[in-house]
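Encoded as structure tokens, the structure appears first; notes follow it.
For clarity, every value in this text was computed on a predicted model and none was experimentally measured.
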Amino acid sequence: MERALLPRLCPRAVRLCRAGLRFRCSRGAEEGAPRGRHPLPPAGPASRSGQELWRAQHDSPRAGRGKERQAASLERTKGSEILFGVAPCGLALARARRALFRLFLKERRGGGALRAELGLQAAARGLPVLHVPGRALDALCRGRPHQGVCLEAAPLPFRSLRDAEEPQAGDAESGSGRRLWLALEHIQDPMNLGALLRSAYFLGVDRVVATRSNSCPLTPIVSKASAGVMEVFDVYSTDDLQGFLKAKSAEGWEVVGTVSRPEDVEDVPVISCSEFQWDKPLIVVIGSEGEGLSLETQLQCQRMLAIPPGRALHPGIDSLNVSVAAGILLHSICSQKRRHGD
């Protein structure tokens with residue numbers, strides 16, 4: 001009787017009760033649960049497995065697990081470095097002058113023909129080929145222009161100067177003795193070193209010798225700046241540049257230095273590169289970006305070469321970039337080979 005009369009006797013009370021229940025449930029969900037996350041199931045022995053399942057689903061989302069697996073797969077071999085760019089990676093694969101570990105190619109539908117060819121070359125050598133997102137390649141080469149290709153490899157060291165005397169294919173060992181070596185003193189910028197190697201190789205220089213101390217090593221940036229020339233063209237090093245130049249001079253080689261401001265040179269004649277003539281083995285010495293040739297190295301030179309400017313220069317703009325200057329000087333010198341048919 002009482003149960004039947006309750007809805008008729010207090011319908012307003014029933015409505016308020018229901019509204020209060022919804023209010024309490026809503027506040028409980030907002031205040032009791034962490035923001036941005038689903039509420040935990042009720043505590044208790046029966047619900048422990050449910051709580052563990054909830055944490056597994058929400059604390060370790062699939063995207064996070066995927067990133068962890070990807071990061072693990074991209075872990076570097078100890079002591080390795082990352083080459084980047086089509087030319088450096090392709091030439092490193094072709095020559096295999098260094099230990100190679102893995103090739104990384106950018107994921108892309110259809111893929112480029114060059115990348116596909118690199119993948120085949122790597123597979124033929126037994127190298128793992130990984131297809132990864134572009135952002136993974138960006139991380140591998142620290143945002144540098146990789147063109148969709150990275151190669152994990154061992155560093156490429158300088159060659160010993162003792163090996164430089166051994167003849168190699170392509171050397172200018174003609175009867176006139178027009179051999180040409182390029183010596184680099186304390187070149188520190190990897191972009192400059194790469195550009196110097198590219199010009200030297202293109203113009204026909206037989207050897208490049210660099211000072212070991214206070215100079216840029218043969219890094220992936222150098223390889224990229226050289227358009228991969230570093231992978232096919234040996235670079236030698238010495239700890240005693242002055243001793244090396246003195247010994248070559250005693251063997252009958254001519255040693256010429258380079259200078260941007262002729263007024264800074266003493267006790268060594270300076271001539272324009274356009275006036276220079278040579279008929280015996282030659283070493284051209286290039287100095288560092290900021291200081292040029294050291295005084296000790298200048299004193300080992302028989303002559304100094306300068307590039308005359310084409311206009312009156314504004315104060316503070318009195319020199320060329322070292323790699324540009326070297327390209328001009330080497331072209332002026334190497335063109336004499338072609339004129340004489342050597």
Side-chain angles (χ1 to χ4, degrees), residues 172 176-189 192-193 195-200 202-211 213-216 238 240-340 342:
S176 65
R178 288 181 184 268
R179 286 174 289 170
L180 176 60
W181 289 17
L182 177 66
L184 306 175
E185 183 180 40
H186 303 158
I187 299 297
Q188 298 178 336
D189 189 315
N192 282 334
L193 180 55
L196 282 162
L197 295 180
R198 187 174 184 176
S199 295
F202 183 86
L203 293 170
V205 171
D206 298 307
R207 299 283 190 278
V208 173
V209 180
T211 52
S213 63
N214 201 24
S215 295
C216 176
T238 178
D240 182 12
L241 179 62
Q242 291 82 33
F244 161 70
L245 297 175
K246 185 175 181 179
K248 299 305 286 183
S249 181
E251 294 174 10
W253 288 60
E254 182 170 10
V255 178
V256 298
T258 55
V259 62
S260 59
R261 294 182 293 270
E263 63 273 12
D264 293 344
V265 178
E266 298 180 5
D267 302 325
V268 182
V270 180
I271 65 171
S272 169
C273 61
S274 60
E275 299 173 0
F276 176 72
Q277 300 291 323
W278 62 296
D279 57 3
K280 58 183 177 180
L282 176 68
I283 298 178
V284 178
V285 193
I286 303 289
S288 68
E289 293 90 344
E291 302 298 328
L293 290 179
S294 65
L295 178 59
E296 295 79 6
T297 298
Q298 289 183 30
L299 295 177
Q300 297 300 324
C301 301
Q302 285 94 37
R303 287 184 282 182
M304 301 289 285
L305 303 182
I307 302 172
R311 70 188 328 145
L313 301 178
H314 191 280
I317 308 176
D318 56 358
S319 64
L320 291 166
N321 171 270
V322 64
S323 63
V324 173
I328 294 172
L329 291 167
L330 291 174
H331 180 268
S332 177
I333 293 168
C334 292
S335 62
Q336 295 182 36
K337 281 186 180 182
R338 290 188 291 272
R339 286 199 301 267
H340 290 83
D342 294 338

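Taking V270 as the reference, V259, P262, V265, M304, A306 meet the side-chain contact (heavy atoms from CB on, under 4.5 Å) condition, with sequence neighbours excluded. Judged as a side-chain contact (heavy atoms from CB on, under 4.5 Å), and not counting sequence neighbours, the contacts of S274 are S272. For S249, the side-chain contact (heavy atoms from CB on, under 4.5 Å) criterion is met by V255, Q302, not counting sequence neighbours. Partners of T258 by side-chain contact (heavy atoms from CB on, under 4.5 Å), not counting sequence neighbours, listed by chain and number: V284, I286, L329. Residues passing the side-chain hydrogen bond (donor to acceptor under 3.5 Å, both in side chains) test with T211 are S215, sequence neighbours excluded. Legend: residues meeting side-chain hydrogen bond (donor to acceptor under 3.5 Å, both in side chains) with N321, ordered by chain and number and at least two apart, are N192, S323. For D267, the side-chain hydrogen bond (donor to acceptor under 3.5 Å, both in side chains) criterion is met by no residue, not counting sequence neighbours.
Pairs passing the ring pair (Phe, Tyr, Trp, His ring centres under 6.0 Å) check and including a residue from residues 248-275, sequence neighbours excluded, read W181-W253. Identified under the salt bridge (Lys or Arg N to Asp or Glu O under 4.0 Å) test for residues 281-291, with sequence neighbours left out: none. Residue pairs satisfying the salt bridge (Lys or Arg N to Asp or Glu O under 4.0 Å) criterion with at least one member in residues 302-315, sequence neighbours excluded, are listed as follows: E254-R303. The salt bridge (Lys or Arg N to Asp or Glu O under 4.0 Å) contacts involving residues 325-334 comprise nothing, where partners must be two or more places apart or lie in separate chains.
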If you apply the rule side chain to side chain contact (heavy atoms under 4.5 Å, CB included), what do you find for Q188 with N214, and how did you get there?
CA-CA 7 Å; Q188 298 178 336; N214 201 24; 2.7 Å; yes
Decide yes or no on side chain to side chain contact (heavy atoms under 4.5 Å, CB included) for V285 and L245, but give the supporting numbers first.
CA-CA 9 Å; V285 193; L245 297 175; 4.1 Å; yes
Step-by-step side chain to side chain contact (heavy atoms under 4.5 Å, CB included) determination, I333 to L305
CA-CA 11 Å; I333 293 168; L305 303 182; 3.9 Å; yes
Is there a side chain to side chain contact (heavy atoms under 4.5 Å, CB included) between V256 and I283? Walk through the geometry before answering.
CA-CA 6 Å; V256 298; I283 298 178; over 6 Å; no
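In this structure, SG on C334 lies 5.0 Å from CG on L180, to the nearest 0.5 angstrom. Here CG of L203 is found 11.0 Å from CD1 of I328. Values are rounded to the nearest 0.5 Å.
Side chains of L182 and V209 form no contact here, defined as non-hydrogen atoms less than 4.5 Å apart. No side-chain heavy atom of L320 sits less than 4.5 Å from a side-chain heavy atom of S260. In this structure, the side chains of Q242 and S294 come closer than 4.5 Å at one or more pairs of heavy atoms.
When only modelled atom types and interatomic distance are considered, S288 and E185 share no side-chain donor-acceptor pair under 3.5 Å.
Closest approach of I187 and G287 over heavy atoms only: CD1-O, 3.2 Å. In plain terms, the two heavy atoms of A200 and L330 that are nearest each other are CA-CD1, 4.2 Å. Nearest heavy atom pair, residue G257 against residue L293, reads CA-CD1, 3.7 Å. Closest approach of T297 to C301, counting heavy atoms only: O-SG, 3.4 Å.
A donor-acceptor pair under 3.5 Å is formed between the side chain of S335 and the backbone N or O of H331.
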